Number of protein chains: 2
Amino acid sequence: MPALLSASAFALFAQKGFDGVNLDQIASHAGVTKGSLYWHFRSKHELVKAACTHYYRHYQRQINEEIAHLIDPGERLRHTLAVAVRTCLLDEANRVFTMEIFTLAVHDPEIRRGWQQFYDSVRCFYIGLVKAASLAGAVQTNDPEQAVNLMLATMEGIKLRALFEPEICSSEHELRVLRGLERILGMTPTPPIAV
Amino acid sequence: MPALLSASAFALFAQKGFDGVNLDQIASHAGVTKGSLYWHFRSKHELVKAACTHYYRHYQRQINEEIAHLIDPGERLRHTLAVAVRTCLLDEANRVFTMEIFTLAVHDPEIRRGWQQFYDSVRCFYIGLVKAASLAGAVQTNDPEQAVNLMLATMEGIKLRALFEPEICSSEHELRVLRGLERILGMTPTPPIAV
DNA sequence: GAAAACGCATACTGCGCGGTATGGTCGATG
DNA sequence: CATCGACCATACCGCGCAGTATGCGTTTTC
């Protein structure tokens with residue numbers, strides 16, 4: 001039941017924002033009442049943290065599954081980017097939730113540390129991909145870490161643009177954005193692969 | 001007095017967030033009371049919009065002043081970027097306020113439209129700079145609009161990173177970020193200029 | 001100089017919602 | 001079968017705060 005409540009919290013937070021949802025709604029969404037909710041969580045803040053953890057786990061599992069079947073380092077990197085871009089442009093819940101986290105993180109050190117940790121693991125993951133792809137000759141960068149940092153920043157920015165310009169959430173723009181990220185990473189241009 | 005209240009609202013919002021500040025505090029900051037505040041603004045929402053307008057105006061005036069004395073198109077672009085990067089990394093109030101706007105814009109169409117309009121004007125401004133610099137030979141891009149879009153996305157992402165990694169707010173990182181943005185725009189590398 | 005309009009302060013209301021107090025049900029334990 | 005604790009529902013509290021009612025001094029208008 002705690003897991004179900006976390007999932008409900010995430011779903012509602014990612015739809016209406018932290019301040020747009022009250023505890024009654026979350027409990028109701030999980031099929032229980034507020035009294036039960038407070039048996040598992042001490043406060044709304046605890047529930048927010050639980051929703052964050054839910055998000056982190058979900059994200060990392062998804063990205064691992066997506067490239068589990070690929071062996072070629074270049075393809076692994078390329079496919080990871082493609083999935084990430086698609087998520088940025090199409091997964092509105094993701095966009096909304098991360099925006100909420102960011103704003104909260106500004107004023108809440110605990111939430112901020114959680115996101116820092118998550119983001120570090122994502123960065124390490126990408127650096128590993130880039131280094132492997134570099135050895136395989138699919139990438140030409142003299143500073144993988146710097147390139148990944150720049151690319152990740154761009155990706156976050158893309159998410160913001162998607163928020164304000166729904167028209168860029170098309171497959172045409174998807175490709176263009178992907179090309180941009182690949183250029184930032186120093187990837188050697190190759191024909192697109194199916195996603 | 002409305003202008004003073006807008007400025008107070010902006011200052012406090014940019015420090016504690018929209019939900020971290022109440023109307024009494026804003027009125028007090030402006031040296032009046034809530035009764036007076038409601039004489040000039042019909043609701044807290046109106047005040048938020050006023051704070052946004054305050055921000056838009058301030059931003060555009062500042063950027064225009066910064067490059068007013070420059071004539072060479074390449075230098076104009078380079079200096080604009082330098083100032084923008086410095087703002088992203090050092091101006092914490094700016095970061096906090098824009099984050100707040102973004103989160104609000106997700107759920108509020110009116111705020112969203114306001115930001116879209118502002119962002120469009122910023123984009124046009126940059127495209128103009130890039131095209132001029134391109135004619136002057138300081139930039140090599142076949143698609144200025146696309147390049148500016150990517151660069152602006154990266155800049156927003158940098159702001160986010162600055163939020164979570166205070167250590168990148170150093171002059172060393174500032175230069176590195178600047179180089180990254182210039183590369184995205186396709187600028188021909190030249191020795192740095194004093195800011 | 002009366003009256004209207006403006007600009008502000010004081011005091012109050014209403015309510016949404018986070019949090020609590022309490023009691024009921026059901027399975028495990030001995 | 002008595003008891004204890006995990007799990008959940010109902011009902012309630014209280015507080016922060018957006019928004020309102022009202023009144024008072026000062027300026028403008030004719």
Side-chain angles (χ1 to χ4, degrees), chain A residues 1-55 96-97 100-101 103-112 114, chain B residues 1-55 96-97 100-101 103-112 114:
Chain A
M1 177 53 77
L4 183 57
L5 279 166
S6 300
S8 289
F10 171 79
L12 291 179
F13 286 154
Q15 188 182 348
K16 303 180 180 182
F18 291 131
D19 290 330
V21 176
N22 62 36
L23 297 182
D24 284 305
Q25 291 172 301
I26 295 174
S28 167
H29 186 273
V32 293
T33 62
K34 200 164 57 176
S36 167
L37 192 156
Y38 267 92
W39 176 259
H40 298 284
F41 299 92
R42 267 184 293 181
S43 64
K44 187 175 187 178
H45 190 250
E46 291 280 324
L47 204 55
V48 169
K49 287 192 289 179
C52 288
T53 304
H54 175 90
Y55 171 78
V96 175
F97 189 78
E100 295 283 334
I101 293 187
T103 310
L104 213 63
V106 174
H107 310 285
D108 186 324
E110 198 176 355
I111 302 285
R112 188 161 63 238
Chain B
M1 176 53 78
L4 184 56
L5 279 167
S6 301
S8 290
F10 171 80
L12 291 180
F13 286 153
Q15 188 182 349
K16 302 181 181 181
F18 292 132
D19 290 330
V21 176
N22 62 36
L23 298 183
D24 284 305
Q25 291 171 301
I26 295 173
S28 167
H29 186 274
V32 293
T33 62
K34 201 164 57 175
S36 167
L37 192 155
Y38 268 90
W39 176 257
H40 299 284
F41 299 92
R42 266 184 294 180
S43 63
K44 187 175 187 178
H45 189 250
E46 291 280 324
L47 203 56
V48 169
K49 288 193 290 181
C52 287
T53 304
H54 175 90
Y55 171 77
V96 175
F97 189 77
E100 294 284 332
I101 293 187
T103 309
L104 212 64
V106 174
H107 310 285
D108 186 322
E110 197 175 356
I111 302 286
R112 189 162 62 240

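Letters A, B, ... mirror the listed sequences (proteins, then strands); counts begin at 1. Please read all numbers here as calculations on a predicted model, not as lab measurements. All values below were derived from every heavy atom in this structure, side-chain atoms included, with hydrogens, water molecules and symmetry-related copies excluded.
- Taking atom CD of residue A:Glu46 and atom P of nucleotide C:dT20, one finds them 12 Å apart after rounding to whole Å.
- Rounded to whole angstrom, the span from the OH atom of A:Tyr38 across to the P atom of C:dT22 amounts to 17 Å.
- Rounded to whole Å, atom P of C:dC6 lies 18 Å from atom CG of B:Leu37.
- Separating the CZ atom in A:Phe13 from the CD1 atom in A:Ile101 is a distance of 10.5 Å, to the nearest 0.5 Å.
- The backbone N or O of B:Gly114 lies less than 3.5 Å from no partner atom in the side chain of B:Lys49, so there is not a single donor-acceptor pair.
- Comparing A:Arg42 and A:Gly20, the nucleotide of DNA chain C nearest to each residue sits closer to the 5' end for A:Gly20.
- Ring pair A:Phe97/A:Tyr55 is tilted by interplanar angle, where 30° to 60° counts as tilted.
- Counting to the nearest Å, the P atom of C:dG19 and the NE2 atom of A:His40 are 17 Å from each other.
- Going from atom CZ of A:Phe18 over to atom P of C:dG18 covers 13 Å, rounded to whole Å.
- Here the CG-NE2 distance, from A:Leu12 to A:His29, works out to 5.0 Å after rounding to the nearest 0.5 Å.
- Remark: the B:Asp108 side chain and the B:His45 side chain contain an N/O donor-acceptor pair separated by less than 3.5 Å.
- Where DNA chain D meets chain A (any atom under 4.0 Å from a heavy atom), the bounding nucleotides read 5' to 3' are D:dA6 to D:dT10.
- What separates CZ of A:Phe41 from P of C:dT20 is a distance of 16 Å, to the nearest Å.
- The phosphate of C:dC8 has neither OP1 nor OP2 within less than 4.0 Å of any side-chain N or O from B:Trp39.
- The interatomic distance linking A:Asp24 (CG) with C:dG19 (P) rounds to 12 Å, in whole Å.
- In plain terms, the two heavy atoms of B:Leu5 and B:Ala30 that are nearest each other are CD2-CB, 3.5 Å.
- If you take CG of B:Leu4 and P of C:dG7, they are 14 Å apart, rounded to a whole angstrom.
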